[in-house]
Every structure is written in structure tokens, then in C-alpha cells.
Colleague: 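The structure that follows is given in the form of C-alpha cells.
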Amino acid sequence: MAARIDHLVTSGTFSLDGGTWDVDNNVWIVGDDDEAIVIDAAHDAEAILAALDGRTLRAIVCTHAHNDHIDAAPALAARTGALIHLHPDDLPLWQQTHPGTPPDRELSDGQVLTIAGTDLTVLHTPGHAPGAVSLYAPGLGAVFTGDTLFQGGPGATGRSFSDFPTIIDSIRDRLLTLPPETVVHTGHGDTTTIGTEAPHLAEWIKRGH
């Protein structure tokens with residue numbers, strides 16, 4: 001059975017640098033009727049469990065370690081036995097939310113995760129966070145960008161651990177080089193495509209300086 005993409009929106013808060021904001025997060029589930037992975041276990045482990053609908057959870061993959069993307073990960077792991085995967089450059093952020101509970105596996109650039117016969121390639125796309133990654137699934141015509149690339153531009157870089165020139169490099173070199181029809185599944189908000197966003201790179205750079 002071919003893999004598919006299921007989508008769940010969960011609500012909670014994002015906290016960093018002494019501020020807290022209400023946020024809605026996209027949770028992406030990739031798999032078939034038997035097994036799946038979760039990309040970004042945000043806010044509500046019970047809602048994610050319900051969306052899994054009895055499927056075996058093979059992995060919890062974190063696009064980055066801002067608290068709103070990882071706050072439900074340990075609870076979901078405890079309920080399912082799935083291992084939590086995070087790029088090691090984001091461990092300082094992870095430890096702010098889950099001190100004493102490290103992730104289980106390290107993500108690395110070029111690593112391939114396979115679920116339900118579908119490959120997802122890890123692309124290290126730092127800038128919004130040092131260990132931010134995107135997951136490219138050519139068989140699904142999709143890339144999961146977390147908070148690196150949104151409909152309308154790059155993710156925010158105004159807080160600790162983030163850097164605007166770095167996120168621009170990541171988007172230009174790692175994401176806009178993907179086929180233009182690739183659907184971009186983001187960490188918040190609506191989906192877009194690489195082809196829709198690519199023409200706007202120069203204006204993002206101008207806006208960001």
C-alpha cells in the first residue's frame with residue numbers, strides 16, 4: 001500500500017527568550033494503514049495518537065527543537081515506543097524544554113528514513129534553528145520544511161539560535177533546487193510549492209537586510 005500524508009493541526013504555546021505566544025502547529029503523519037512516522041509532535045500527544053488510528057509509529061522526527069514542535073514528543077514516545085529523532089545541533093534548544101530526557105537518535109544530512117516503502121531524505125537546513133532539517137520525499141512530491149520555508153518566505157530569525165543569512169543559504173541551496181512542483185508542507189499555516197516561492201528569493205533577501 002502506498003504511503004500517504006495525513007495532516008493534523010494542534011494548538012499550544014511557543015516560548016523563547018522570555019516571551020510566550022499562542023500558536024497553531026502542523027503535525028504531519030507519513031505512512032500507510034499499517035505504519036507511520038510523525039513529523040513534529042506538537043502540543044497534544046492524545047490527538048496525534050487518535051490520528052494514528054492504531055498504526056505502528058516507527059519514528060518521531062523533529063524538524064527542529066523549538067518547544068512548540070517537540071513538547072508532546074516524549075509523551076508520544078512513551079505511549080508508542082517510537083524513537084525520537086533530532087539533529088544534534090539543536091540539543092541546546094531541546095534541553096530547554098526536556099532537560100534530562102534526551103532524544104533517541106541523531107539526524108544527519110543526507111540520511112534516508114524509509115516508511116511504508118517511501119524514502120524521506122534529511123536535508124540540514126539551518127537558520128531558523130541550528131539543527132533545523134527538512135525532509136524530502138520525492139516519491140510523494142513533497143518536502144516537509146518545518147519553520148525553514150513558509151508560504152511567503154523564510155521562517156523567523158529574530159530570536160536566539162537563529163540567523164538570517166544562514167536560512168537564506170539553506171533555502172536557496174537546499175530547497176529551491178528541488179523540482180518546482182514539489183509541495184512544501186510547513187510547520188505552521190498553508191502549504192505551497194517550490195515553484196511558487198522560488199521567484200521571490202531576491203525580495204526576501206532585500207526585506208531581511
Side-chain angles (χ1 to χ4, degrees), residues 3 5 16 25-31 35-42 56-74 76-77 80-150 154-155 157 160-179 182-187 194:
I5 301 168
L16 189 66
N25 285 62
N26 293 326
V27 178
W28 301 101
I29 302 173
V30 181
E35 61 177 7
I37 65 168
V38 163
I39 300 171
D40 288 346
T56 299
L57 184 60
R58 300 293 185 192
I60 300 165
V61 183
C62 308
T63 61
H64 63 294
H66 284 154
N67 72 290
D68 56 318
H69 291 257
I70 63 168
D71 48 4
L76 185 62
T80 61
L83 299 181
I84 299 168
H85 297 63
L86 177 74
H87 193 284
D89 288 356
D90 258 22
L91 279 173
L93 279 165
W94 173 277
Q95 289 161 355
Q96 290 183 14
T97 303
H98 300 302
T101 307
D104 303 295
R105 293 286 186 271
E106 292 187 353
L107 293 171
S108 59
D109 186 61
Q111 177 182 353
V112 177
L113 305 172
T114 303
I115 188 69
T118 294
D119 290 343
L120 295 94
T121 299
V122 177
L123 307 176
H124 184 208
T125 50
H128 180 71
V133 301
S134 300
L135 300 164
Y136 177 45
L140 298 173
V143 63
F144 302 87
T145 57
D147 288 1
T148 297
L149 178 62
F150 290 109
T157 53
S160 297
F161 301 97
S162 65
D163 182 72
F164 181 76
T166 301
I167 202 172
I168 289 295
D169 287 347
S170 292
I171 292 170
R172 182 186 58 235
D173 299 340
R174 309 307 305 277
L175 297 178
L176 299 186
T177 53
L178 299 176
T182 304
V183 177
V184 179
H185 295 290
T186 60
I194 293 296

Colleague: I'd like to know if the side chain of N25 and the backbone of A42 have a donor-acceptor N/O pair within less than 3.5 Å.
Modeller: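 The answer is no, because no donor-acceptor pair under 3.5 Å joins these two groups.
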Colleague: With distance as the sole test, does H85 use its side chain to make a donor-acceptor pair with the main-chain N or O of L83 at under 3.5 Å?
Modeller: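 At least one qualifying donor-acceptor pair exists.
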Colleague: Which value, rounded to the nearest 0.5 Å, describes the distance between D71 atom CG and H98 atom NE2?
Modeller: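 Between atom CG of D71 and atom NE2 of H98 there are 6.5 Å.
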Colleague: Test your reading of the model: is there a side-chain donor-acceptor pair from E35 to the backbone of T56, 3.5 Å cut-off?
Modeller: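 Side chain of E35 to backbone of T56: no pair is present.
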Colleague: For the pair H128 and H64, name the ring-plane relationship: parallel under 30°, tilted 30 to 60°, perpendicular over 60°.
Modeller: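 The arrangement is perpendicular - the two ring planes meet at more than 60°.
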Colleague: Taking all non-hydrogen atoms of both residues, which atom of I194 and which atom of P179 are closest, and how far apart?
Modeller: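 Nearest pair, atom of I194 first, then P179: CB-O, 3.7 Å.
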Colleague: Would T121 and L135 satisfy side-chain contact (heavy atoms from CB on, under 4.5 Å), going step by step from the backbone distance to the final call?
Modeller: CA-CA 5 Å; T121 299; L135 300 164; over 6 Å; no
Colleague: Which atom pair, heavy atoms only, marks the closest approach of I167 to D147?
Modeller: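 Nearest pair, atom of I167 first, then D147: CD1-O, 4.2 Å.
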Colleague: Yes or no on side-chain contact (heavy atoms from CB on, under 4.5 Å) for V38 and V27, after CA distance, side-chain angles and deciding distance?
Modeller: CA-CA 7 Å; V38 163; V27 178; 3.9 Å; yes
Colleague: Please answer whether the main-chain N or O of T101 pairs with a side-chain N or O of W94 as donor and acceptor at a distance below 3.5 Å.
Modeller: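 Yes; judged by distance alone, with no hydrogens or angles, the pair exists.
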Colleague: What are the two closest non-hydrogen atoms of I60 and A77, and how far apart are they?
Modeller: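 Looks like CD1-N, 3.6 Å.
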Colleague: What are the two closest non-hydrogen atoms of L93 and P130, and how far apart are they?
Modeller: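 The pair with the smallest heavy-atom distance is CD1-CD, 4.2 Å.
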Colleague: T186 vs T145, test: side-chain contact (heavy atoms from CB on, under 4.5 Å). Steps then yes/no.
Modeller: CA-CA 5 Å; T186 60; T145 57; 3.9 Å; yes
Colleague: Can you tell me which residue among N67, L16, D68 is in a side chain to side chain contact (heavy atoms under 4.5 Å, CB included) with T97?
Modeller: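 Filter result, single survivor: N67.
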Colleague: Is it true that atom CZ of R105 has more than 12 heavy atoms of other residues, nucleotides or ligands lying nearer than 6.0 Å?
Modeller: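 No, because the 6.0 Å sphere around CZ of R105 holds 12 heavy atoms or fewer from other groups.
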Colleague: Over all heavy atoms of both residues, which pair between S134 and V143 is shortest? Give the atoms and the distance, please.
Modeller: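 What the structure gives for the nearest pair is CB-CG2, 4.1 Å.
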Colleague: D40 vs W28, test: side-chain contact (heavy atoms from CB on, under 4.5 Å). Steps then yes/no.
Modeller: CA-CA 7 Å; D40 288 346; W28 301 101; 5.9 Å; no
Colleague: Treating D109 as the side-chain partner and H124 as the backbone partner, does any N or O pair qualify as donor plus acceptor under 3.5 Å?
Modeller: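 Between the backbone of H124 and the side chain of D109 there is a qualifying donor-acceptor contact (under 3.5 Å).
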Colleague: Mind listing the closest non-hydrogen atom pair of D104 and A82 along with its distance?
Modeller: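 D104 and A82 have their closest heavy atoms at OD2-O, 4.3 Å.
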